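The structure appears right after this line, and notes come after that.
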Amino acid sequence: MLDLIFPKICCSCEKPLTGESALCGPCSGEIKFINELSSCALCGGPFGFFSSEESDNFLFAPGAGDEGHLCGNCIRGKFSFKRARSVAVYEGRLRDMIHEFKYEGRLSLEGVLSRLLFDNSPCDPGEFDMVVPVPLHVNKLRQREYNQSAVMAMNLASRAGIRLNLLSLRKTRDTRPQFELKNEEERRRNVRGAFKVKSGETLRGASILLVDDVFTTGSTSEECTRELLKSGASEVSVITLARAKGV
């Protein structure tokens, strides 16, 4: 009876739903999962999926290790994290939902996005000591009223049964939104020194899973990783819901 009065609708296109899924078939079918693509063993970037503009960064490296091939960035030792993985490509319906969740206050999307992250996680969250979200500066937190990465991290930690650490890593300097910067070097400069582990906090020996919504060039993940390692973490891996095309 309730379904007749309050019919379930797709979280993305708002068309009526049948069954238990939060997304209709067409919207769900638009999501391109990265586990279906050949990707870099370290940073998780899909090989050959993005345009030829990225050909210099995504070069096959045969024999790069037992775990598979490495991209050009990882061959050059660009990243400090142990590995980064993303669930799906940042485009279409998924991109729209993340944007609405992040910038338009659609907290109702928390459930479907968190389930996408957990149910399709390319790594086992249970192998880590704690989950740490990429933090927001207090100015942006006041504007948005919640940190989308913290919400997903909270749900991931709860479902995996591991510790959630919301307070150790802080963003101490407000920065321009990364999507406004079209140059990779500008993005690195934008976040350099913007994250700090709380004074007196020790993460000695901890294996950390760093959670964010979108991985683009990896500048934010790298800056956070360096700070966590500096504070004693034994290793840091990164998981994001989506992987965007680098710029």
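From a predicted model like this one, the values you see are computed outputs, not experimental measurements. Computed from heavy atoms alone, side chains included, the values below leave out hydrogens, waters and symmetry copies.
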Heavy-atom check, side chain of Leu203 versus side chain of Val132, under 4.5 Å: no
Spatial distance of atom NZ (Lys32) from atom CG (Leu37) [nearest 0.5 Å]: 9.0 Å
Test item: Asp213 and Thr240 side chains (from C-beta on) under 4.5 Å apart, heavy atoms: no
Contact summary for Leu169 and Pro133, nearest pair of heavy atoms: CD2-O, 4.2 Å
Ion pair check, Arg106 and Asp96, cut-off under 4.0 Å: no
Carboxylate-amine/guanidinium contact Arg176 Glu180, below 4.0 Å: yes
Gln178 vs Asn190, side-chain contact (heavy atoms from CB on, under 4.5 Å): CA-CA, chis, key distance, verdict: CA-CA 8 Å; Gln178 290 285 72; Asn190 187 46; 2.8 Å; yes
Val214 reachable from Phe118 in the ILVMFWY side-chain graph, under 4.5 Å edges: yes
Within-4.5 Å side-chain heavy-atom neighbours: Leu117 and Val211: yes
Min side-chain heavy-atom separation Ser121-Ile239 under 4.5 Å: yes
Any donor-acceptor pair under 3.5 Å from Ser39 side chain to Pro46 backbone: no
Heavy-atom closest contact (Ile34 atom, Arg243 atom, distance): CD1-CB, 3.4 Å
Side chain proximity check, Pro125 to Arg159, heavy atoms < 4.5 angstrom: no
Flag for Thr225-Ser80: side-chain donor and acceptor within less than 3.5 Å: no
Parallel, tilted or perpendicular, as decided by the 30° and 60° cut-offs, for the rings of Phe81 and Phe79: parallel
Neighbour count above 12 (heavy atom, 6.0 Å) for Lys15 NZ: no
Test side-chain contact (heavy atoms from CB on, under 4.5 Å) applied to Lys171 - qualifying residues, sequence neighbours left out: Pro135, His137, Thr175, Ala194, Phe195
Verdict with reasoning, Asn155 to Ser158, per side chain to side chain donor-acceptor pair (under 3.5 Å): CA-CA 5 Å; Asn155 288 322; Ser158 176; over 6 Å; no
Which atom of Arg93 lies closest to which atom of Cys27, heavy atoms considered: NE-SG, 3.5 Å
Arg187 side chain reached by Leu181 side chain, heavy atoms, under 4.5 Å: yes
Step-by-step side-chain contact (heavy atoms from CB on, under 4.5 Å) determination, Leu42 to Asn73: CA-CA 10 Å; Leu42 198 160; Asn73 281 333; over 6 Å; no
Exceeds 12 heavy-atom contacts within 6.0 angstrom, atom CD of Glu185: yes
Main-chain N/O of Leu23 paired with Ser28 side-chain donor or acceptor, under 3.5 Å: no
Distance-only side-chain donor-acceptor flag, Ser149 / Asp212, under 3.5 Å: yes
Approximate separation, where rounding is to 0.5 Å, of His69 NE2 and Ile75 CD1: 10.5 Å
Note, Glu110 side chain near Tyr146 side chain (heavy atom, < 4.5 Å): no
same_hphob_cluster(Ile162, Val151) at 4.5 Å side-chain heavy-atom cutoff: yes
ILVMFWY cluster, Leu113 and Leu107 together (side-chain gap under 4.5 Å): yes
OG on Ser221 to CG on Leu210, rounded to 0.5 Å: 5.5 Å
Sequence-distant partners of Phe33, ring pair (Phe, Tyr, Trp, His ring centres under 6.0 Å), two or more places apart: none
Heavy-atom pair with the smallest gap, counting every atom of Cys24 and Cys13: SG-SG, 3.7 Å
Leu228 side, atom CG; Met130 side, atom CE - distance, nearest 0.5 Å: 9.0 Å
Taking every non-hydrogen atom, the tightest pair across Arg189 and Arg173: O-NH2, 4.1 Å
Single-linkage hydrophobic cluster Val134~Phe128, side-chain heavy atoms < 4.5 angstrom: no
Stepwise side-chain contact (heavy atoms from CB on, under 4.5 Å) test for Gln148 and Lys102: CA-CA 6 Å; Gln148 74 286 343; Lys102 187 172 182 176; 3.5 Å; yes
Intermediate values then yes/no, salt bridge (charged side-chain N to carboxylate O under 4.0 Å, His left out), Glu223 and Arg192: CA-CA 7 Å; Glu223 195 66 25; Arg192 192 169 294 147; 5.3 Å; no
Derivation of the salt bridge (charged side-chain N to carboxylate O under 4.0 Å, His left out) call for Glu127 and Arg83: CA-CA 13 Å; Glu127 68 185 68; Arg83 65 185 182 274; 2.7 Å; yes
Val238 with Val131, same ILVMFWY side-chain cluster at under 4.5 Å: no
Steps toward side-chain contact (heavy atoms from CB on, under 4.5 Å) verdict (Glu91, Glu30): CA-CA 9 Å; Glu91 65 175 17; Glu30 279 191 27; over 6 Å; no
Basic-acidic side-chain contact under 4.0 Å: Asp129, Arg163: no
Minimal non-hydrogen separation, Phe101 against Leu109, with atom names: N-CD1, 4.0 Å
Close side-chain approach of Val87 to Pro122, heavy-atom, < 4.5 Å: yes
Glu227 CD to Arg170 CZ distance, which is reported to the nearest 0.5 Å: 13.5 Å
Rounded distance (nearest 0.5 Å) linking atom NE2 of His99 with atom CG of Leu94: 13.0 Å
